[in-house]
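To keep things clear, I will list the structure first and then write my remarks on it.
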Amino acid sequence: MNDELRALYQEVIIDHGRHPRNFKKLDHPSYTQEGYNPLCGDRLTLYLRIADNKIIDASFEGQGCAISMAASSLMTERIKNMPVTEARQLFDAFQNLVTQPDPPKKIREYLGKLTVLGGVRDFPVRIKCATLPWHALNACLNNITKQIVSTE
Amino acid sequence: MNDELRALYQEVIIDHGRHPRNFKKLDHPSYTQEGYNPLCGDRLTLYLRIADNKIIDASFEGQGCAISMAASSLMTERIKNMPVTEARQLFDAFQNLVTQPDPPKKIREYLGKLTVLGGVRDFPVRIKCATLPWHALNACLNNITKQIVSTE
Amino acid sequence: MSLIDRSAEHSSLPFSKVDWPAIRRDFPLLTQQPYGKPLAYLDNAATTQKPNIVIDSVAHFYRFDNANVHRGVYQLSERATAAFEAARDKIKYFLNAPLREEIIFVRGATEAINLVAQSYARPRLKPFDEILISAMEHHSNIVPWQMVCKQTGAQLKVIPINDNGEIMLDSYRALLSEKTKIVAITHLSNALGSIPPVQKMITMAHAREIPVLLDGAQAAAHFKVDLQTLDCDFYTFSGHKIYGPTGVGMLYGKKSYLEAMEPYQGGGEMISRVSFESSDYNSLPYKFEAGTPNIAGVVGLAAALGYINTIGLDNIRQREQQLLNYATQALEQTAGLRIIGMAKHKASIISFVLDSAHPHDISTILDQQGVAIRAGHHCAMPLMTRFNVPATARASFSFYNNESDIEQLVQSLQLVNQIFSGKMGE
Amino acid sequence: MSLIDRSAEHSSLPFSKVDWPAIRRDFPLLTQQPYGKPLAYLDNAATTQKPNIVIDSVAHFYRFDNANVHRGVYQLSERATAAFEAARDKIKYFLNAPLREEIIFVRGATEAINLVAQSYARPRLKPFDEILISAMEHHSNIVPWQMVCKQTGAQLKVIPINDNGEIMLDSYRALLSEKTKIVAITHLSNALGSIPPVQKMITMAHAREIPVLLDGAQAAAHFKVDLQTLDCDFYTFSGHKIYGPTGVGMLYGKKSYLEAMEPYQGGGEMISRVSFESSDYNSLPYKFEAGTPNIAGVVGLAAALGYINTIGLDNIRQREQQLLNYATQALEQTAGLRIIGMAKHKASIISFVLDSAHPHDISTILDQQGVAIRAGHHCAMPLMTRFNVPATARASFSFYNNESDIEQLVQSLQLVNQIFSGKMGE
Ligand SMILES: Cc1ncc(COP(=O)(O)O)c(C=O)c1O
Ligand SMILES: Cc1ncc(COP(=O)(O)O)c(C=O)c1O
C-alpha cells in the first residue's frame, strides 16, 4: 500500500466510516438538506437544529463510501454547539484543506481532527465525497441567511 | 488532356450536349417521367408517345450537364419508332455499356452511336448522368407493363 | 494482428490456434503502467480499448482520404464515399442484416434509441398505450422512453427480473397486450452480464405484431448477432464498445419501419429537394443521416469489425467464457464478496459488492494497484434499487484480458479487505 | 507547426512573420498527387484537411488516454475526463463564451440546429408563429425549421437577398414582428461567401426580444468569433470544417435558454437520478449530452483550435483575403465566367458558372487536373433558384492554399473552355 492510500484511509476514517456518529434522523430539525453525488450514487440527508444563530444539534442519514460517511460523521461531531458564523468559517477552511496543495498550518490547526480528510487531495474524484456533507451544510446556512434577510 | 477525358468528352457528346435534339415538350404525350440526380441537381422530364406497343415519338426537357444532356438527346433520337420490347433490350445493353469493364463487341455494335457514352465507365460518379434519361425511360416502360397487366 | 494468419479473415482460426497474448499486444494502451503496476483494464463494458489497426485506419483516413462524402465530383471525395459506404456493407455482413440501406450511422446506441423513440414511437403513441422495457435496462434504454411517454401520455411498463437477474418470462407474457406498442430490451445487461432470452421474447411480441428493439450496446462485442435469425425490428450498438472509435454507432431498422418513419433530424444529405415551401426526403438510409457524418469514425468502426472477424466471434465468446468462469470462481473465494447477477446465460461482466467496503472505496484502492474497474450505478439506477444496493463494483472482461489480470483483481480485493478490517497496521 | 514559434500560442505572430509554406506542410493530405498532378484542394467549405497535430492527438488519445468519461474512479478515466472537459474550456476561450457550461458537444452544426429547433422552438411555437431565416441558408438551417413548422403549425419566413448576395436589411426589419419567435441565420454563406451583418441583425431582433441563432459552420474557421460581443443566443459550428475531426461539433446557448429547455436526447450522463416513474435531469451542459460522447473527436477538436490559435485568426483572415482577391481577379479574367455572389463582405469562398460548361462537367475536368472543387447546389437549393442557376462550381480557400493552387484552377478552367468550344482538335 502506498503513502497516498495510507493517508486517505487513516484509521479515524475507517472507524468513522464504519461507525458513523450522529447517524440518525433528528426530531424536529430546523433544516433538512439532501446531498447527492451522481458519480457514485452517494446520497445523504443532513439535519440541523438551530436556535439563536447557533447549531444546537446535527445529524445525518444516508448511504455512501467510507470517505463521505466519515466526513459526515466528523462534520456533525464538530459543528454541534457552533455559532452559525463560525460554521461558515469552518466550511471555508475545510474547502481549503481538501483543494489546496499545501494548506497553511493555521488552517490545519483550526480544523484539528478534520485534517484526517486532507488525504483526498491526492484523489481528485474523491474530493466530492469528502465535501458532500459540507455542501449540504453550506446550503442550510445559505437558507438561514435568506430567512434572516427576508424577516428583517 | 488525358485519354479518359478525351473518351468522355467526345465531339458527339459536346455537340449533343450543346444542341440537344428533341429538346421540347411533347404535345399529348402518353407518358411523362421526371428523372432527378440529387448529387448534381440534374433534372429532366422525358415525354413519350406510344401506340400499338411502339414508341411513336420521344422528347425531353430539363437542365443538366453535358453528359446527361447528350445521353438524353442520343436516346430520344434512337428510340423513336422503336417497339417497346426492343427499347427494353436497348436499356439493358446501355446499362451493360456503361457499367461493364469490357462490353462485348455485339453489344457495342448493337448500340452504335450510343457507344460514345461508354467513356463514363472511367468516371464512376458520372455514370448516373449518362443513365438518368434511361432510368426515366425504364420507369415509363414499367408503367406500360403495369397498365398492360392491369388491363388484361 | 501480426501473429494471426491474415488470410484467415472471415474464416477465423480454430480456438486452439488463436494466439491470445499476441492479440493483447495489438492494443497499445494496455502496456501502460499506472502507479508502476501493470494495467489490468477491466472496465470494458464502459468502453473498449482500440487495436492498432483501428487507430491507424482513422489516422490513415485523415492523411490520405479525407473529404466530405456523397457530394464531391473528385477523386478524393469518391474515395471517402467509397470507404464510408463500404463500412455500411461490412456492418450489414457483420450483423447479417437483410439490406444495406437498413443500416443507419448514428453517434451511438443512445442516439439510436432516441431516434426510434422520437421518429417511430412518438407519432404513433396515444395516451395509455404502453412501452415495455425490462428491469435491467441501461438509462439509455429507459429515459428516451420516459420522454416519449411524457410527450404522448403513453406508459412505461417494466418486465421484472428474478434474484439471479433473469427476465421473468411469465410476467413478460402477462404484460404483453393490445396496449403494448413496442418492446425495448437489452441484448446483454451492462450491469449484471445477463443475456435475456431475446429470441423467445421477440417471437412472443411478434405473435401480437408488436415490434421489438434490441439494445445491443453490450452484446455486439461479445457474441455473434444474426439479425435475420433474431428477426428483431430495430437493433443498435456503439462503436466505442466494440473496439471502434468514439462518436459512431449504428441503428438497424427493418426497411418497412424505416420507410414509414419521419426523419429524425433535418439538414444536408437527408433531403432530395428543398424549397422554402417544402422538402422531399431522401431515400434510405440517407433520410436518417442529416449533416456530415462521423466519416473517420465509420471507417474506424469498419476496421474494428474486420479485426473482430479475424479473431472470430466464436473464439471471442469461448475465451471470454473461460475468463468469466475463472473470475467467478476466484471472486467467490474472496471473503465477504457477493456477486450480483447469477443468470444462467451470462457474458463476461461481473457485478459485486464487498461486506467490508463501498464500491467507490474499492475502486480507488484497486486503481492504485493498476486495476481499472467501474464502481457505481452503471447507468442502471432502477436495477440498483431492485437489488437494494446503492452501487456495485463491476469487472468486465474482453478477450484481451487474461488470468493475471484476474489475479491482480483478486489480490487487490484482498488488500481492500485488509485495509477495511484494520489489519494493515502501520 | 515546427516552423512556428511554439511559445507564441495564444499570442500569434505578426502577419509578416507567418511561414505559410511551412504551415501547408503540416497537412499531410495536401502532398498527394492525383493523376500525377499536385493536389489543389479547393473544397474547404465542404470539409477542411487536418494538420498532423490533430491526427496525432486523436491517435494519442486512443493509445494512452482512452476510457469513458465522467464515470470512472480510476486514473485512466480521470485523464480522459480531464482532456474532454479541458476541450470545453478551450472552446469557451476560442469563442469568448461567457460560461463553460454553455458549451455543448454535438455531432455537428446540423445536430445543433435540430437540437434548438426541437428543444427550444417546438414546445414554444404556436400556429402562425414565425421563424425567420435568410435566403442563403444551408439545408441544415432550413429543413430543421421546416420540420418544426410542420409539427407546430408555425411558418417559415425568408429574408431576401439582393443580386450581390447581401441580406436586405429593410426587408428584415419589415419581417420582424410579434409573431417572430426565433431568427436563424448563417454567419457566413457556404454557397456565396457572403458575411451577413449579423451584429446589426441581432440588435434588431433583441430590440423585440427575439432570440437569434447563428449558424457558424463556415464562419468559425475564417475569422474571430466573439460571443460576448455578438450577444447571439445560440451559436454552432462543426469540427470537421475547422481543421478538426469528423463527428464532433458544438452548440453554444445562453444559460438562461438552455436551462429552460427540455433535454434533446435521453440516456446515460444527462440525468442525475432515474427511477422507472421519472427521472431528474442533470445540470448543464450534461443535460444535453446523453450517451457516450465523441471523446476522441472532442480532444482532436481542441487540438485543432489550439493549432488555429497558434497561427492566429487575424493572420488567417488576412491571408485568406489575399487569396480571395487573387482568385477573384484571376477568375474574372477567365472567358465566359460569372461569379455568383459579389457581397461587399466576403470570406474566401467563390461560386461561379461558366458559359461553356455545366458545373458538373467543370468539376470532372478539374479533378483530372488535380483541382478539387465542388459542383452542385451546395445544400442550398433555394439559393440556386434565387440566382436562377441549376448549380454552381465553387472554389473555397483555406490559409493553407496558395497562389499556385489558384493558377492551377484558372488554367484548368481554360482547358474546360477549350474542350467545350471544340478547340481541342484530335
Ligand atoms: C453554412 C452551413 N451550415 C451548416 C452546415 C452543416 O454542417 P454539418 O454537415 O457539419 O452538420 C454546413 C456544412 O455543410 C454549412 O456550410
Ligand atoms: C446496455 C447499454 N445500452 C446503452 C448504452 C449506451 O451506449 P452509448 O453511451 O455508447 O450511447 C450502454 C453503454 O453504456 C449500455 O451498456
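For the numbers below, each heavy atom of this structure counts, side chains included, while hydrogens, waters and symmetry mates do not. All chains are named by letter (A, B, ...) in the order of the sequence lines, taking the proteins before the strands, and each is independently numbered beginning at 1.
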With a 4.5 angstrom heavy-atom cut-off, could you sort out which part of C:T385 is near chain D: side chain, backbone, both or neither? neither
What are the two closest heavy atoms between C:P359 and C:A393, and how far apart are they? CB-N, 3.7 Å
Can you say whether C:I373 sits under 4.5 Å from chain D via the side chain, the backbone, both, or neither, judging by heavy atoms? backbone
If I compare all heavy atoms of C:V54 with all of C:Y243, which pair ends up nearest, and what's the gap? CG2-O, 3.4 Å
Return the option, out of D:A372, D:G108, D:P293, D:A296, with the maximum number of heavy-atom pairs under 4.5 Å with chain C. D:A372
Residues C:S396 and C:A45: closest non-hydrogen pair is OG-N, 2.8 Å
Checking heavy atoms, do the side chain of C:Q49, its backbone, both or neither come under 4.5 Å from chain D? both
Proximal component of C:N114, with respect to chain D [non-hydrogen, under 4.5 Å]: side chain
Counting only heavy atoms closer than 4.5 Å, note whether C:Q265 contacts chain D via side chain, backbone, both or neither. both
Which one wins on heavy-atom pair count under 4.5 Å against chain C: D:V106, D:V143, D:T246? D:T246
Look at C:H138, C:Q368, C:H240 and state which one has the largest set of heavy-atom pairs under 4.5 Å with chain D. C:H240
Segment of C:M384 engaging chain D (4.5 angstrom heavy-atom cut-off): neither
Considering only heavy atoms, which portion of C:R79 lies under 4.5 Å from any heavy atom of chain D: side chain, backbone, both, or neither? side chain
For C:K150, does the NZ atom have more than 12 heavy-atom neighbours from other residues, nucleotides or ligands under 6.0 Å away? no
Have C:T292 and C:N68 got a donor and an acceptor in their side chains that come within less than 3.5 Å? yes
If I measure from the heavy atoms of chain C, does D:Q146 come under 4.5 Å with its side chain, its backbone, both, or neither? side chain
How far apart are the closest heavy atoms of D:I161 and D:A135, and which atoms are they? CG1-CB, 4.0 Å
What part of C:F105 lies closer than 4.5 angstrom to a heavy atom of chain D: side chain, backbone, both or neither? neither
Measure C:T48 against the heavy atoms of chain D and call it side chain, backbone, both or neither at under 4.5 Å. backbone
Distance alone, cut at 3.5 Å: any donor-acceptor contact between the side chains of C:S119 and C:E262? no
Heavy-atom pairs under 4.5 Å with chain D are the metric here; pick the option from C:S279, C:C149, C:A109, C:S77 that has the most. C:S279
Counting heavy-atom pairs closer than 4.5 Å to chain C, which one of D:S238, D:S278, D:G239, D:A117 comes out on top? D:S278
List the atom of D:A290, the atom of D:G267, and the distance in Å for their closest heavy-atom pair. CB-N, 3.9 Å
Under a 4.5 Å heavy-atom cutoff, which of D:P245, D:A217, D:G297 has the most pairs with chain C? D:P245
Tightest non-hydrogen contact, residues D:T81 and D:V69, listed as OG1-CA, 3.5 Å
Residue among C:P263, C:G268, C:A380 with most heavy-atom pairs under 4.5 Å to chain D: C:G268
Report the option among C:V274, C:L115, C:V248 that has the most heavy-atom pairs separated by less than 4.5 Å from atoms of chain D. C:V274
Please assess D:R107 against D:N294 for the test side chain to side chain contact (heavy atoms under 4.5 Å, CB included), listing each intermediate value before the final yes or no. CA-CA 8 Å; D:R107 176 172 36 248; D:N294 186 353; over 6 Å; no
Looking only at D:S363, D:G266, D:G247, most heavy-atom pairs under 4.5 Å shared with chain C are made by D:G266
Return the option, out of C:V298, C:L156, C:N141, C:V158, with the maximum number of heavy-atom pairs under 4.5 Å with chain D. C:V158
When only pairs under 4.5 Å are counted, which of C:Q118, C:K241, C:M147 shares the most heavy-atom pairs with chain D? C:M147
Any salt bridge linking D:R63 with C:D56? Criterion: basic side-chain nitrogen under 4.0 Å from a carboxylate oxygen. yes
Measure from the side-chain N and O atoms of D:Y41 to the backbone N and O of D:D43, and report whether any donor-acceptor pair falls under 3.5 Å. yes
For chain C, which candidate among D:Q155, D:R374, D:H378, D:K50 shows the most heavy-atom pairs at distances under 4.5 Å? D:R374
Check: C:H377 and D:R273 side chains under 4.5 Å, non-hydrogen atoms: no
Can a donor-acceptor pair be found, under 3.5 Å and without considering hydrogens, that links the side chain of D:Q33 to the backbone of D:L39? no
Answer with side chain, backbone, both or neither: which region of C:Q151 has an atom nearer than 4.5 Å to a non-hydrogen atom of chain D? neither
Chain D contact via C:R386 - side chain, backbone, both or neither, heavy atoms under 4.5 Å: neither
Contact between C:D65 and C:I295 at the side-chain level, heavy atoms closer than 4.5 Å - yes or no? no
Under 4.5 Å to a heavy atom of chain D? For C:L76 that would be side chain
